[in-house]
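What follows is a set of notes on a single structure, which appears directly below.
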Amino acid sequence: MTAMLADRPAHEDGRPSAIDATRHLRRFDLKTRILHGVIMVTFLGLAATGMPLLFSDAPWGRWLARVFGGFQGAGLVHRFLGAVLLAAVVWHVGEVLWRAFVRGEKGLLWGPTSMVPQPKDFVDFYQQMRWFFHLGSQPRFEQFTYWEKFDYWAVLWGTALMGAAGLVLWFPQAASRILPGWMFNVALFVHGAEATLAIGFIFVVHFFNGHLRPGKFPMDLVWFTGSVTDHELREERAAQYDRLVRAGDLDRLAVPPPTGSLVRRGYVLGTAGLTLGVGLILLILYAVLR
Amino acid sequence: MRILFRASLVAAGLLAVAVVASAGQGAPKPPANDDCLACHGDPTAKRANGTSIAFDEGTQKAFGASKHAQMACVDCHQDLAALKEFPHPDTLAKVNCGTCHDAAQEKFMRGVHARARQDGRMLAATCVDCHGMHDIQGAAEPSSPTNHLNLPATCAKCHGNLDIITRGHIQIGNVAAIYHDSIHGKALEKSGLLVAPSCVDCHGNHDIARKSEATSPVFRANIPATCGKCHAGIKQQYDAGVHAAALKKGDSRAPVCIDCHTAHAIQRADTDSWRLAVTAECGTCHANVVDSFRLTFHGKVTELGFSRVASCADCHGPHDILPALNPASLVSQANLVTTCGKCHANASASFVKYDPHPNPRSYQRGRVLWWANRFYWALIPACFGFFGLHSLLWFRRSWRNGHGTASHEKDGGRA
């Protein structure tokens, strides 16, 4: 490893030769982690309260609805959580746009730190495929990988679409002033289809990519602590690491390591979320395959 | 004891002969009730085989209070009227109620009970099984087994008796128990309501016929008229609807009252369980319509067991169901705003363009929905397929890699 790093030009940029690989570096600030937490809690709740309707013919549909006090209770919780999720995502988009256009912050809408897909992402994907088949080394990822960007845009797209459909279904009389009634049919269908996509994607693909895959199992705690070790960042996001070193910004990201109690709480909450999500997936599989 | 018995019979016989002789006239006078009681009033009197012949005090009292109290024994036991020799033979002719009640008997002979007996199934009821024997009372008497309030229990002597049901091959089973728990049974047996029907109000009494016989009041085509004897207002609504029209045309699949309400287990129609279950009944013919209903919020919530939202009858009406093309229909274009407005206040002409029976696979029925369905049927498999494969490959790669995350070194040389 050290031999490989020594080959990189970055090493000649005057980086301290003796860096502490176990030090922690900031990856997600508090706002971002709270946003992930809000999405996580509301998404789990939305899935659990919406699935009885989506799978009304499944034997568990009735009891899952009754957990929330029947369809009216489940509907109330679902609308509340939906409103919170929608508000959180609208706030986030607003903040990004404000930072980009009002404050003129660079790197949000384009560039290596942007969530917008870059040409490099397609190259990364191709290289990752080659790595899957032992045809090359793993790509040197930037701050956000292609699958992370996909997750991100899926949340934005999904929330926008499901939020819009949800609002139509929530306020049908008001919606019917601008939309014909058959749009309720479309809204319900889209809400359910998009939910199927989102639930399947988050509780299987995102859980695997972000948390459950070998090397991360049982979870990547960065969602809770917000920091990764120097070693981890260098291994997993080599391009970002090198860029930060070149710019001399790496040391500014150094943060104290998370305390033991923070790590424990992260694992407890994360395990609860993962278990709930996987449990809901098992219910769906049972409903579909029985 | 035996000698005593013999002696008493002989004494009674002699007494009877003496009575007849003392009357003196040429034509033999039939024995009076007291004559019969000379033997049958003795509680210890027995036949040769040891069985009692006693017409005991309780039965005497019941007979005295019965509808037939003024009648002579020999009015019914007619073969004894002309008999001179006493004691009379052990076996007498069967009493024939039809001697007086000829109309009832004629009807009875047409009925299912008489025909069962003619087929040798002697468990089937005769007059006395329902009306009683010496204690017979008019149906108006509260204690009569044929009194309106007692009839379910009277029929239940056989139709609620598992032994008789089994041995008599009564196909419907313990129908008395089903009736007992129904709204009619509760109203009659529990609440004592005379307006609630007992068995005979639907089935008739003496000439009870099977439901397969066209003359039976419970024959399919006759059911609306039978129920309509009490539920006249509902029958008017039903008669105006599409189902009555189909029935009149002879369509055997046209639903009648009992298809939704059942025959014997009839429940209140405003209970959640009933409202939810009846959808399945509509589905026996309208399967596609129920399937499309199940795609909607209404269909899903009702499928979950909550009846707060609309199911079939809420929009189509329970009895006066008419096709949407009929202007009088609750779901005709002209009435939709009113019908939807029963639940959805402020429902507008735009609002009622909602399709309560959508079909995402029908382009004609809704183009946008059809496209949405197409789109997601492509997107969902593509998305899960792509990322499922991606995850599997990743899993295989990193698992073999010894659970490592990055592996620049190991594969660097191969690149």
Side-chain angles (χ1 to χ4, degrees), chain A residues 1 3-4 52-54 56-57 61-62 65-66 70-72 75 127-138 140 147 150 154 169 172-173 175-186 188-190 193-194 196-197 200-201 204-205 208-209 213-217 232 234-236 238, chain B residues 294-297 299-306 308-309 340 344-356 358 360 365-366 368-369 371-373 375-377 379-380 383-384 387-388 390-391 393-399 401-415:
Chain A
M1 179 60 71
M4 186 177 170
L53 270 195
L54 193 54
S56 56
D57 56 342
R62 285 175 184 228
R66 296 203 197 283
F71 90 96
Q72 284 166 298
Q127 218 177 324
Q128 177 88 337
M129 286 293 125
R130 287 177 58 84
W131 176 69
F132 284 163
F133 292 103
H134 299 268
L135 297 172
S137 60
Q138 214 170 359
R140 296 165 55 78
W147 69 84
F150 192 93
L169 296 168
Q173 275 91 345
S176 72
R177 281 191 217 127
I178 41 172
L179 297 169
W182 49 259
M183 278 302 286
F184 307 150
N185 297 107
V186 177
L188 186 71
F189 176 82
V190 167
E194 194 67 33
T196 309
L197 194 60
F201 197 85
V204 177
V205 178
F208 176 82
N209 290 350
R213 70 185 150 94
K216 291 291 181 199
F217 190 86
E232 227 177 313
R234 199 169 52 198
E235 290 274 297
E236 295 176 5
Chain B
R294 288 284 178 232
L295 296 177
T296 68
F297 184 78
K300 285 168 173 290
V301 171
T302 49
E303 193 168 35
L304 284 174
F306 307 99
R308 196 184 144 80
V309 301
C340 299
H344 301 277
N346 309 323
S348 61
S350 163
F351 183 92
V352 302
K353 286 191 181 135
Y354 170 70
D355 187 349
R365 199 160 176 117
V368 179
L369 187 62
W371 276 112
N373 186 47
F375 176 73
Y376 278 99
W377 267 105
L379 182 65
I380 292 174
C383 209
F384 287 161
F387 278 100
H390 186 270
S391 297
L393 288 169
W394 198 346
F395 182 79
R396 192 190 68 130
R397 183 66 173 86
S398 52
W399 186 261
N401 212 31
H403 305 231
T405 44
S407 52
H408 309 292
E409 301 143 289
K410 288 174 188 167
D411 287 294
R414 283 205 233 168

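All chains are named by letter (A, B, ...) in the order of the sequence lines, taking the proteins before the strands, and each is independently numbered beginning at 1.
You'll find the side chain of A:Phe189 reaches within 4.5 Å of the side chain of B:Asn373, heavy atoms only. A heavy-atom distance below 4.5 Å is found between the side chains of A:Phe132 and B:His390. Contact of the B:Arg396 side chain with the A:Phe133 side chain is registered, since non-hydrogen atoms from C-beta on lie closer than 4.5 Å. Counting heavy atoms from C-beta on, the side chains of A:Thr196 and B:Tyr376 never come closer than 4.5 Å.
Summarising the geometry of A:Phe201 relative to B:Phe387, their closest heavy-atom pair is CE1-CD1, 3.4 Å, with the distance given to 0.1 Å. Considering all non-hydrogen atoms of both residues, A:Ala193 and B:Ile380 come closest at O-CD1, 3.6 Å. The nearest pair of heavy atoms linking B:Cys383 to A:Phe150 is SG-CZ, 4.1 Å. Minimum heavy-atom separation, A:Gly181 to B:Lys353: N-CB, 3.6 Å. Residues A:Ala65 and B:Leu304 share a closest heavy-atom pair of CB-CD1, 4.4 Å. Across B:Leu295 and A:Leu188, no two heavy atoms sit closer than the pair O-CD2, 3.5 Å.
Aromatic ring centres of A:Phe184 and B:Phe297 lie farther apart than the 6.0 Å criterion allows.
Judged by distance alone, with hydrogens and angles left aside, the side-chain atoms of B:Ser350 form a donor-acceptor pair with the main-chain N or O of A:Leu179 at under 3.5 Å. The main-chain N or O of B:Pro358 is never found under 3.5 Å from a side-chain atom of A:Asn185 such that the two would form a donor-acceptor pair. Under a 3.5 Å cut-off, the side chain of B:Lys300 and the backbone N or O of A:Leu53 do form a donor-acceptor pair.
For chain B, no part of A:Glu232 is nearby; none of its heavy atoms comes within less than 4.5 Å. For chain B, the nearby part of A:Gln128 is the side chain; its heavy atoms alone come within less than 4.5 Å. At a 4.5 Å heavy-atom cutoff, the contact between A:Val186 and chain B is made by backbone and side-chain atoms alike. Neither the backbone nor the side chain of B:Ala349 comes within contact range of chain A; no heavy atoms are under 4.5 Å apart. For A:Leu169, no part sits under 4.5 Å from any heavy atom of chain B, backbone or side chain. Looking at B:Val301, the atoms closer than 4.5 Å to chain A (heavy atoms on both sides) sit in the backbone and in the side chain alike. Both the backbone and the side chain of A:Phe71 come within less than 4.5 Å of a heavy atom in chain B. In this structure, chain A has heavy atoms under 4.5 Å from both the backbone and the side chain of B:Ser391. Only the side chain of B:Phe384 comes within less than 4.5 Å of a heavy atom in chain A; its backbone stays farther off.
The aromatic rings of A:Trp147 and B:Trp394 sit perpendicular, their planes meeting at an angle over 60°, well past the 30° parallel limit.
We find the CZ-NE2 distance between B:Arg397 and A:His134 to be 4.5 Å, quoted to the nearest 0.5 Å. Taken to the nearest 0.5 Å, the CZ atom of B:Phe375 stands 7.5 Å off from the CD atom of A:Glu194.
Options A:Ala154, A:Ser56, A:Ser176 differ in how many heavy-atom pairs under 4.5 Å they form with chain B, and the most are formed by A:Ser56.
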(message) Run A:Trp182 and B:Val368 through side-chain contact (heavy atoms from CB on, under 4.5 Å) and show every step you take.
(response) CA-CA 9 Å; A:Trp182 49 259; B:Val368 179; 3.4 Å; yes

